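Scroll down for the structure; my scribbles are underneath it.
Chain identifiers are assigned alphabetically (A, B, ...) following the order of the sequence lines, protein sequences preceding nucleic acid strands; residue numbering begins at 1 within each chain. Note that this is a predicted model, so its numbers are computed, not measured.
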Number of protein chains: 2
Amino acid sequence: MNEGWQIPTIAVAVDLVVLTVRSEMLQVLLVERGVEPYQGRLALPGGFLSSEHEDIDSAASRELSEETGLDAGRLHLEQLGAYGAPDRDPRQRVLTVAYLAIVPNLPEPIAGGDARSAQWTPVTKLGRRRNALAFDHSRILADGVERARHRMEYTTLATAFCPAHFTIADLRRVYEIVWGETLDPRNFHRKVKGVADFLVPTGEMTSKHGGRPAALFRRGTAEILHPAILRGGAN
Amino acid sequence: MNEGWQIPTIAVAVDLVVLTVRSEMLQVLLVERGVEPYQGRLALPGGFLSSEHEDIDSAASRELSEETGLDAGRLHLEQLGAYGAPDRDPRQRVLTVAYLAIVPNLPEPIAGGDARSAQWTPVTKLGRRRNALAFDHSRILADGVERARHRMEYTTLATAFCPAHFTIADLRRVYEIVWGETLDPRNFHRKVKGVADFLVPTGEMTSKHGGRPAALFRRGTAEILHPAILRGGAN
DNA sequence: CCAAAAGTGTTCAGACTACACCCATGG
DNA sequence: CCATGGGTGTAGTCTGAACACTTTTGG
């Protein structure tokens, strides 16, 4: 490190891939850009650090709260990585640190903190077009979705999509929708109940649907799934 | 994004977790710091972006070439993530993007590009002490090691530790040393030969050791292991 | 011939799949 | 009483762990 020369400094931003399951689809929270560049285009929510001293994790947590109106401390939030191509922002050099957030199905309107209108958009609607979103956000979104799909195989991440109390069928639908596969309800049921500390029965029952009432569960203390629930080849 | 205010800019660095297997141990490339802060302490190799316009991936690749003297294009190099705690560098705010590099056992001296003396150090020697390295580099190293261990389960990353031609026993020793487990040689042999496009026989044989000569292989085109080689419970 | 390492075959236990079957509700 | 979804049982198959055994070298 030749400390004698001038160290270049660049702007640092934080962007969020906020995923949820709504209307039987995997959806992502997007905002419409109000200013150039990419004015009018959809983009991931995010922003620059609010001060020279703000921690990047804190900035992500703050943005998540602002956009969803929820307490970020209770939601799943993990870093995806840094995206630092020199030309990714035409104005000036901006390095962004992307985060993946998983939230349960929210009441409906997001009611963002600032004027931007945040909206849920099905991931499949965006297709695989590389320029569906502003900047390199299509790439970041793809990385986030793949991370979520992968994590669900061997961690309890899927429960982050569910409300506090949920049925095993709810959990299975999360897997099916995020993975885009159908799973055998019977085998899935047995499998998740066999994983220690994954699900804790609340004792309550649902009565909504036309069938037999289902038992309600809440997340257990487990973080790692043993054995894993693997994609490809129905479970 | 309220673009009307002053956007804070901060210095961006790149740090490398360069791992190899030497002398039957997992070792990491470290440099001794010549200047404050942490003068005389061991740290991960790395440095600031060389210019305002250098890509972060290119910067990592450049640092790797400088430190190892090898063509980074042939080595495994992947991003670990961004580390941006505001107080991680006492001088000024520095956000670092950490990269994981896996290299085969090198001839011996590293012969770094600049004056710093790079040296291989067994990861176990550093223990789990949080302050064995300068800055937050102990944490970054731990994350890098865990990433490497995890990737070896379901990708062909282990071959990156091996020279161009290697035996199945060489590959198994990589797994054993990185994971700190012993694997059954017979089952391991059958398992890796069963994965399509993982290993390509060269037709050559070794004759070094006291036992039966082993066939030599080189990496195949596969990147993903199907089925995976899982830790915990001997294979 | 013996030690050592490579490589193959076989057995047993546990996990996954597929599907038959029963349970509990609403209409 | 039938449709719908929840939940359990079970047989066949597949995978992985353990280990006996053969092969091929060096000393």
Side-chain angles (χ1 to χ4, degrees), chain A residues 24 152-154 158 162-163 165-177 179 181-196 198-218 222 224-235, chain B residues 24 152-154 158 162 165-177 179 181-196 198-218 224-235:
Chain A
E24 306 283 295
M152 280 168 53
E153 290 189 311
Y154 57 95
C162 299
H165 298 258
F166 55 90
T167 68
I168 290 181
D170 293 335
L171 186 64
R172 176 171 50 82
R173 263 165 229 132
V174 167
Y175 274 93
E176 291 180 332
I177 290 164
W179 282 354
E181 298 178 1
T182 58
L183 302 174
D184 185 298
R186 287 104 35 141
N187 292 335
F188 182 86
H189 189 101
R190 198 187 358 239
K191 197 159 191 171
V192 296
K193 284 190 74 173
V195 178
F198 187 14
L199 302 177
V200 179
T202 65
E204 296 167 290
M205 291 286 196
T206 53
S207 54
K208 314 174 210 174
H209 305 88
R212 169 177 172 177
L216 283 169
F217 297 84
R218 56 179 175 77
I224 309 288
L225 284 186
H226 242 359
I229 301 176
L230 298 174
R231 279 180 283 181
N235 283 273
Chain B
E24 306 284 294
M152 280 169 52
E153 290 188 313
Y154 57 96
C162 297
H165 297 260
F166 54 90
T167 68
I168 291 181
D170 292 336
L171 185 64
R172 175 172 50 83
R173 263 164 228 131
V174 167
Y175 274 93
E176 290 181 333
I177 290 164
W179 282 353
E181 297 179 1
T182 58
L183 302 175
D184 186 297
R186 287 102 37 141
N187 292 334
F188 183 86
H189 189 101
R190 189 157 354 103
K191 197 159 192 172
V192 295
K193 285 190 74 172
V195 178
F198 186 16
L199 302 176
V200 179
T202 65
E204 296 167 290
M205 291 286 196
T206 53
S207 54
K208 315 175 210 172
H209 304 88
R212 169 176 171 177
L216 283 170
F217 296 83
R218 56 179 175 78
I224 310 288
L225 284 186
H226 245 357
I229 300 176
L230 298 174
R231 279 180 283 180
N235 282 273

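Between A/F166 atom CZ and D/dG5 atom P there is a gap of 20 Å when expressed in whole angstrom units. B/E204 places its CD atom 17 Å from the P atom of C/dA6, with the value rounded to the nearest Å. One can place CE of A/M205 at 13 Å from P of C/dG26, the figure rounded to the nearest angstrom. Regarding A/K193, its NZ atom lies at a distance of 13 Å from the P atom of D/dG6, rounded to whole Å. At whole-Å resolution of the value, CG in A/D170 and C1' in D/dG5 are 12 Å apart. Per the geometry, CZ belonging to B/R231 stands 19 Å off C1' belonging to D/dA17, to the nearest Å. Rounded to an integer number of Å, the gap from B/R172 CZ to C/dA6 P is 6 Å. Rounded to whole Å, atom P of D/dT15 lies 18 Å from atom CG of B/D184.
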Each nucleotide of nucleotides 20-27 of chain D classed B (base within 4.0 Å of a protein heavy atom), S (only sugar-phosphate) or -, in 5' to 3' order, makes BB-BBBS-
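Considering OG1 of B/T167 and CG of B/L199, their distance stands at 10.0 Å, rounded to 0.5 Å.
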Could you go over nucleotides 10-15 of chain C and give all protein N or O partners under 3.5 Å, atom names and distances?
none

Grab the N/O contacts between the protein and nucleotides 11-14 of chain D below 3.5 Å, and write none if there aren't any.
none

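In this structure, the side chain to side chain contact (heavy atoms under 4.5 Å, CB included) partners of A/R218, at least two apart in sequence or on a different chain, are A/V200, A/T202. When the salt bridge (charged side-chain N to carboxylate O under 4.0 Å, His left out) test is applied to A/E204, no partner is found at least two apart in sequence or on another chain. Partners of A/R186 under the salt bridge (charged side-chain N to carboxylate O under 4.0 Å, His left out) rule, at least two apart in sequence or in another chain, are A/D184. Partners of A/R190 under the side chain to side chain donor-acceptor pair (under 3.5 Å) rule, at least two apart in sequence or in another chain, are A/N187. The ring pair (Phe, Tyr, Trp, His ring centres under 6.0 Å) check on A/Y175 picks up A/W179, A/F188, with sequence neighbours excluded. Residues passing the ring pair (Phe, Tyr, Trp, His ring centres under 6.0 Å) test with A/Y154, sequence neighbours excluded: A/H150, B/H150.
The shortest distance between the side-chain N/O atoms of B/H189 and the OP1/OP2 oxygens of C/dA6 is not below 4.0 Å.
Between B/V195 and B/I229 there is no side-chain heavy-atom pair separated by less than 4.5 Å.
Using a 4.0 Å cut-off between a side-chain N of Lys or Arg and a carboxylate O of Asp or Glu, B/E24 and B/R173 do not qualify as a salt bridge.
In this structure, A/A196 and A/A222 approach most closely via the heavy-atom pair O-CB, 3.6 Å. Across all their heavy atoms, B/R172 and B/L183 have their closest contact at CD-O, 4.0 Å.
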